[in-house]
Amino acid sequence: MKYLHLIWAALFRRKARTFFTLVSILAAFLLFGMLDATRAAFSSGGSVVGVDRLITTSRYSIIQSLPASLATRMQAVPGVKTVGYANWFGGIYQDPKNFVLSFAVSDNYLDIYHEIVLPPEQRKAFESTRTGAIVGEALAKRFGWKVGDKIPLQSTIFPQRNGDKTWPFDLVGIYTPAKGAANGTDQQFFFHHKYFEDANAFQSVGTTVGWYAVQLTSADKADAVAKAIDALSANSDHETKTQTEQAFNASFAKQLGDIGLIVSAIMGAVFFTLILLTGNTMAQAVRERTNELAVLKTIGFSSGSVLGMVLAEGMLLLLLGGVIGLGLAGVIVPIVAKGSGGMLNLPPIGVQTWVLGLVLMLAIGALVGALPAIRAMRLNIVDALAGR
């Protein structure tokens, strides 16, 4: 710390060059923070409240439906407490950009997903209203919906039997997610599967469902129950794949691609470029100060001290730009999430991201400062002062 003033003065010896380098570092860590938030959003599908649930889908594709008759057989499997089902709807509200994460669900769906907290009177209204729908509080706030509203959703897949793609719903409840619920739970729209069956032009009443949600008597029985359920449809034309809810949500997200791999590839390219840029900056800075470093050695600074100051200079450069960049990401991420109208449920920049970011700053700073520092340490005073 006693040499901090020397390190600071050396760092800003060429103010313009240092400024533009800091901007590059800031941009890199701003991107890192935002991409890490995106990765976290796509990998946060599992939650502690869903450990006692399994999801059963078609073995071949999530969009392939399953026979409704499977429900009774699945209910008889030892370890199964309740079997519900759902179907993807994917409606649009008023404008194509207003996509609504919507599902047709069985009557017992809320009994399985107990993290969906709905007032008793609204639950009763939902159960007794054929066209009734319930929505998460964030989704209701996004569109300004309130209980009693008529909500028209346009389906991009399922027309009604009369050919109309606009489905009318009566908003009878607004739920809140329980503590520990999965990210995005409060952005969903649920309505009765029976209404979906009756009005859907592509489906015969009571014949198929999109997937099954299975509540277990104990989370410890998950593996055994999953195997038993899949055995029910073995060698049939509707073989199933039963997995934990967390695994199901992860595979659903991967329909878009391996988000973790994409983020890692982008950040790898960004940081590689950053190493080249800051490495060149540090090499130039030390080369320009050859005479000054020789004078420091002449007046008594040891080779180790010179080595340490140059390394510290590189780390300080990365820390200054990196901390500001991550700080900006912490401010921008919530703004982006709010500005998306709830479509992007980006979590705030957390401690884990900060720790990883600081480690990267120090590691890159040490890496780009290593060669110039070693050169400075090995500097011969006579040769340096003579300009050789």
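Remember, it's a predicted structure, so these values are computed and weren't measured experimentally. Any value given below was found using the heavy atoms of this structure, including those in side chains, with hydrogens, waters and symmetry copies removed.
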Colleague: If hydrophobic clusters are built from ILVMFWY residues whose side chains come within less than 4.5 Å, do Ile324 and Trp8 share one?
Modeller: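 Cluster IDs for Ile324 and Trp8 match.
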Colleague: Do Lys194 and Arg130 have side chains that get closer than 4.5 Å, going by heavy atoms?
Modeller: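 Not touching, per the 4.5 Å side-chain cut-off.
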Colleague: To the nearest 0.5 angstrom, please state how far the CD1 atom of Ile229 sits from the CG atom of Leu70.
Modeller: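 Between Ile229 CD1 and Leu70 CG, I get 9.5 Å after rounding to 0.5 Å.
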Colleague: Considering only heavy atoms from C-beta outward, does the side chain of Leu54 approach that of Gln243 to under 4.5 Å?
Modeller: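 In short, these two side chains do not touch, never coming nearer than 4.5 Å.
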Colleague: Less than 6.0 angstrom separating the ring centers of His192 and Phe126, yes or no?
Modeller: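 Between Phe126 and His192, which both carry aromatic rings, the centre distance is below 6.0 Å.
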Colleague: Roughly how far, to the nearest 0.5 Å, is the CG atom of Leu367 from the CE atom of Met315?
Modeller: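 CG of Leu367 is found 10.0 Å from CE of Met315.
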Colleague: Does CG belonging to Leu356 count more than 12 external heavy atoms closer than 6.0 Å?
Modeller: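 More than 12 within 6.0 Å, yes.
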Colleague: Using side chain to side chain contact (heavy atoms under 4.5 Å, CB included), reason through Trp88 and Ile157 one step at a time and then give a plain yes or no.
Modeller: CA-CA 10 Å; Trp88 171 257; Ile157 305 174; 3.9 Å; yes
Colleague: Which pair of heavy atoms, one from Ala133 and one from Phe191, lies closest together, and at what distance?
Modeller: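 Closest heavy-atom pair between Ala133 and Phe191: CB-CB, 4.3 Å.
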Colleague: Taking side chain as C-beta onward, heavy atoms only, is Leu153 less than 4.5 Å from Phe189?
Modeller: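 Touching, per the 4.5 Å side-chain cut-off.
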Colleague: For Pro177 versus Glu137, what's the shortest heavy-atom pair and its separation?
Modeller: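 Smallest heavy-atom distance, with atoms named: CD-OE2, 3.9 Å.
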Colleague: Do Trp145 and Phe169 make the cut of ring centroids closer than 6.0 angstrom?
Modeller: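 No: the rings miss the under 6.0 Å criterion.
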Colleague: What's the separation between atom CG in Leu31 and atom CG in Leu326, rounded to the nearest 0.5 Å?
Modeller: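 These two atoms lie 11.0 Å from each other.
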Colleague: Are Arg53 and Glu115 within salt-bridge range, i.e. N to O under 4.0 Å?
Modeller: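 Salt bridge flag = yes for Glu115 with Arg53.
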Colleague: Can any side-chain N or O of Arg59 pair as donor or acceptor with the backbone N or O of Thr242 at less than 3.5 Å?
Modeller: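 Checked: no pair found.
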Colleague: Tell me, please, which residues at least two apart from Ser236 pass side-chain contact (heavy atoms from CB on, under 4.5 Å).
Modeller: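 Scan of Ser236 (side-chain contact (heavy atoms from CB on, under 4.5 Å), adjacent residues dropped) gives Ser233, His238, Glu239.
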Colleague: Tell me, yes or no, whether the heavy-atom count around Tyr60 atom OH, taken from other residues, nucleotides or ligands under 6.0 Å, exceeds 12.
Modeller: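 Atom OH in Tyr60 is packed in, count exceeds 12.
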Colleague: Side chains of Thr56 and Thr240: donor-acceptor distance under 3.5 Å anywhere?
Modeller: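 No - no donor-acceptor pair under 3.5 Å links their side chains.
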Colleague: I'd like to know if the side chain of Asp186 and the backbone of Gly136 have a donor-acceptor N/O pair within less than 3.5 Å.
Modeller: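 No.
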Colleague: Quick one: do Phe29 and Leu277 end up in the same hydrophobic cluster if we chain Ile, Leu, Val, Met, Phe, Trp and Tyr together by side-chain heavy atoms under 4.5 Å apart?
Modeller: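 Cluster IDs for Phe29 and Leu277 differ.
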Colleague: Do Val270 and Phe20 belong together in a cluster built from hydrophobic side chains that touch within less than 4.5 Å?
Modeller: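 Per the 4.5 Å side-chain linkage, Val270 and Phe20 are not co-clustered.
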Colleague: With no hydrogens and no angle check, is any side-chain donor or acceptor of Trp167 less than 3.5 Å from a backbone partner on Phe158?
Modeller: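 Yes, Trp167 side chain to Phe158 backbone: donor-acceptor pair under 3.5 Å.
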Colleague: Taking all atoms of both residues into account, what is the closest heavy-atom pair of Ala285 and Glu313, and its distance?
Modeller: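 Shortest heavy-atom separation between Ala285 and Glu313 comes out as CB-OE2, 4.2 Å.
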Colleague: Any Lys/Arg nitrogen of Lys227 or Asp230 sitting under 4.0 Å from an Asp/Glu carboxylate oxygen of the other?
Modeller: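 Here Lys227 does not pair with Asp230 in a salt bridge, since their nearest N and O are not under 4.0 Å apart.
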Colleague: Checking Ser102 side chain against Gly90 main chain: does a donor-acceptor pair fall under 3.5 Å?
Modeller: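 Present.
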Colleague: Is the backbone of Gly132 close enough, under 3.5 Å, to the side chain of Tyr195 for a donor and an acceptor to pair up by distance?
Modeller: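 It does not hold such a pair.
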Colleague: If you round to the nearest 0.5 Å, how far is CG of Leu216 from NZ of Lys221?
Modeller: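 The CG atom of Leu216 is 9.0 Å from NZ of Lys221, to the nearest 0.5 Å.
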Colleague: Does the distance from a Lys or Arg side-chain N to an Asp or Glu carboxylate O, for Glu127 and Arg123, drop under 4.0 Å?
Modeller: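 Looking at Arg123 together with Glu127, the answer is yes, because their closest N to O distance falls below 4.0 Å.
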Colleague: Can you find a heavy atom in the side chain of Asp198 that is under 4.5 Å from one in the side chain of Arg161?
Modeller: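 No, side chains not in contact.
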Colleague: In terms of hydrophobic clustering (I, L, V, M, F, W, Y; side-chain heavy atoms under 4.5 Å; direct or indirect links), are Ile266 and Leu328 co-clustered?
Modeller: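 Yes, because Ile266 and Leu328 connect within a single hydrophobic cluster, where side-chain heavy atoms sit under 4.5 Å apart.
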Colleague: Kindly say whether the aromatic ring centers of Phe89 and Phe103 come within a distance under 6.0 Å.
Modeller: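 So the answer is no for these two rings.
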Colleague: Show the numbers, then the answer: is there a side chain to side chain contact (heavy atoms under 4.5 Å, CB included) between Met34 and Leu30?
Modeller: CA-CA 6 Å; Met34 298 190 69; Leu30 171 62; 4.2 Å; yes
Colleague: For Phe32 and Phe271, take the angle between the two ring planes, folded into 0 to 90°, and tell me which bin it lands in: parallel under 30, tilted 30 to 60, perpendicular over 60.
Modeller: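 Rings of Phe32 and Phe271: tilted, as their planes differ by 30° to 60°.
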Colleague: Is the shortest heavy-atom distance from the side chain of Leu358 to the side chain of Val323 under 4.5 Å?
Modeller: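 Side-chain contact under 4.5 Å: yes.
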Colleague: May I ask you to decide if Lys146's main-chain N or O and Asp149's side chain share a donor-acceptor pair within less than 3.5 Å?
Modeller: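 Judged by distance alone, yes, a pair lies under 3.5 Å.
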Colleague: Before you tell me yes or no, could you show the steps for Ile25 and Thr278 under side chain to side chain contact (heavy atoms under 4.5 Å, CB included), namely the whole-Å CA-CA distance, both residues' side-chain angles and the distance that decides it to 0.1 Å?
Modeller: CA-CA 8 Å; Ile25 297 169; Thr278 53; 3.7 Å; yes
Colleague: As a test of understanding, state which of Glu245, Gln215, Gln188 forms a side-chain hydrogen bond (donor to acceptor under 3.5 Å, both in side chains) with Tyr113.
Modeller: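 Single side-chain hydrogen bond (donor to acceptor under 3.5 Å, both in side chains) partner of Tyr113 among Glu245, Gln215, Gln188: Glu245.
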Colleague: Begin from the C-alpha positions of Ser302 and Ser305 and carry the test side chain to side chain donor-acceptor pair (under 3.5 Å) through to its verdict.
Modeller: CA-CA 5 Å; Ser302 66; Ser305 297; 2.9 Å; yes
Colleague: Tell me whether Thr185 contacts the main-chain N or O of Ala181 through its side chain, where contact means a donor paired with an acceptor under 3.5 Å.
Modeller: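 Pair absent, no side-chain N/O of Thr185 close to backbone of Ala181.
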Colleague: Nearest 0.5 Å, please: how far is CG in Asp52 from CD1 in Ile112?
Modeller: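 If I round to the nearest 0.5 Å, the distance is 10.0 Å.
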Colleague: Without swapping roles, check the side chain of Thr18 against the backbone of Lys15 for a donor-acceptor pair under 3.5 Å.
Modeller: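 The answer is no, because no donor-acceptor pair under 3.5 Å joins these two groups.
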Colleague: State yes or no: do Leu318 and Leu371 share one hydrophobic cluster built from I, L, V, M, F, W and Y residues joined by side-chain heavy-atom distances below 4.5 Å, directly or via other members?
Modeller: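 The answer is no; the residues belong to distinct hydrophobic clusters.
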Colleague: Check Pro152 against Thr166 and note the closest heavy-atom contact, atom names and distance.
Modeller: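 Looking at all heavy atoms of both residues, the closest pair is CB-CG2, 3.8 Å.
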Colleague: With a 4.5 Å heavy-atom cut-off, do Leu171 and Val135 have their side chains touching?
Modeller: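 In short, these two side chains touch, coming nearer than 4.5 Å.
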Colleague: Test side chain to side chain donor-acceptor pair (under 3.5 Å) on Asn108 and Thr82 and set out the steps.
Modeller: CA-CA 8 Å; Asn108 62 350; Thr82 310; 5.6 Å; no
Colleague: Would you mind telling me which of Val172, Ile174, Val147, Val105 makes a side-chain contact (heavy atoms from CB on, under 4.5 Å) with Ile134?
Modeller: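 Only match with Ile134 under side-chain contact (heavy atoms from CB on, under 4.5 Å): Val172.
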Colleague: For the aromatic rings, using the six-membered ring if either is Trp, is the centroid distance between Tyr85 and Trp211 under 6.0 Å?
Modeller: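 Between Tyr85 and Trp211, the centre distance exceeds or equals 6.0 Å.
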Colleague: Parallel, tilted or perpendicular: which describes the rings of Phe190 and Tyr175, with under 30° parallel and over 60° perpendicular?
Modeller: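 Ring orientation, 0 to 90° scale: tilted.
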Colleague: Using the rule side-chain contact (heavy atoms from CB on, under 4.5 Å), only one of Val100, Leu101, Leu139 pairs with Gln187; which is it?
Modeller: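 Of Val100, Leu101, Leu139, side-chain contact (heavy atoms from CB on, under 4.5 Å) with Gln187 is met by Leu139 alone.
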Colleague: Quick one: does Arg287's side chain get under 4.5 Å of Gln284's, heavy atoms only?
Modeller: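 The answer is yes; the side chains approach within 4.5 Å.
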Colleague: Please determine whether side chain to side chain contact (heavy atoms under 4.5 Å, CB included) holds for the pair Met74 and Val80, giving the CA-CA distance in whole Å, both sets of side-chain angles, and the decisive distance to 0.1 Å.
Modeller: CA-CA 8 Å; Met74 291 169 64; Val80 172; 5.7 Å; no
Colleague: Taking atom CD of Gln160 and atom NZ of Lys165, what is their separation to the nearest 0.5 Å?
Modeller: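 Reported to 0.5 Å precision, the distance equals 12.0 Å.
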Colleague: Counting only N and O atoms by type, is there a donor-acceptor contact under 3.5 Å from the side chain of Asn162 to the main-chain atoms of Asp164?
Modeller: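 It does hold such a pair.
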Colleague: Looking only at heavy atoms, which two atoms of Gly84 and Ser106 are closest? And how far apart?
Modeller: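 Taking Gly84 first and Ser106 second, the nearest heavy atoms are CA-OG, 3.5 Å.
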Colleague: Does a side-chain heavy-atom distance below 4.5 Å link Ile275 with Ile364?
Modeller: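 The answer is yes; the side chains approach within 4.5 Å.
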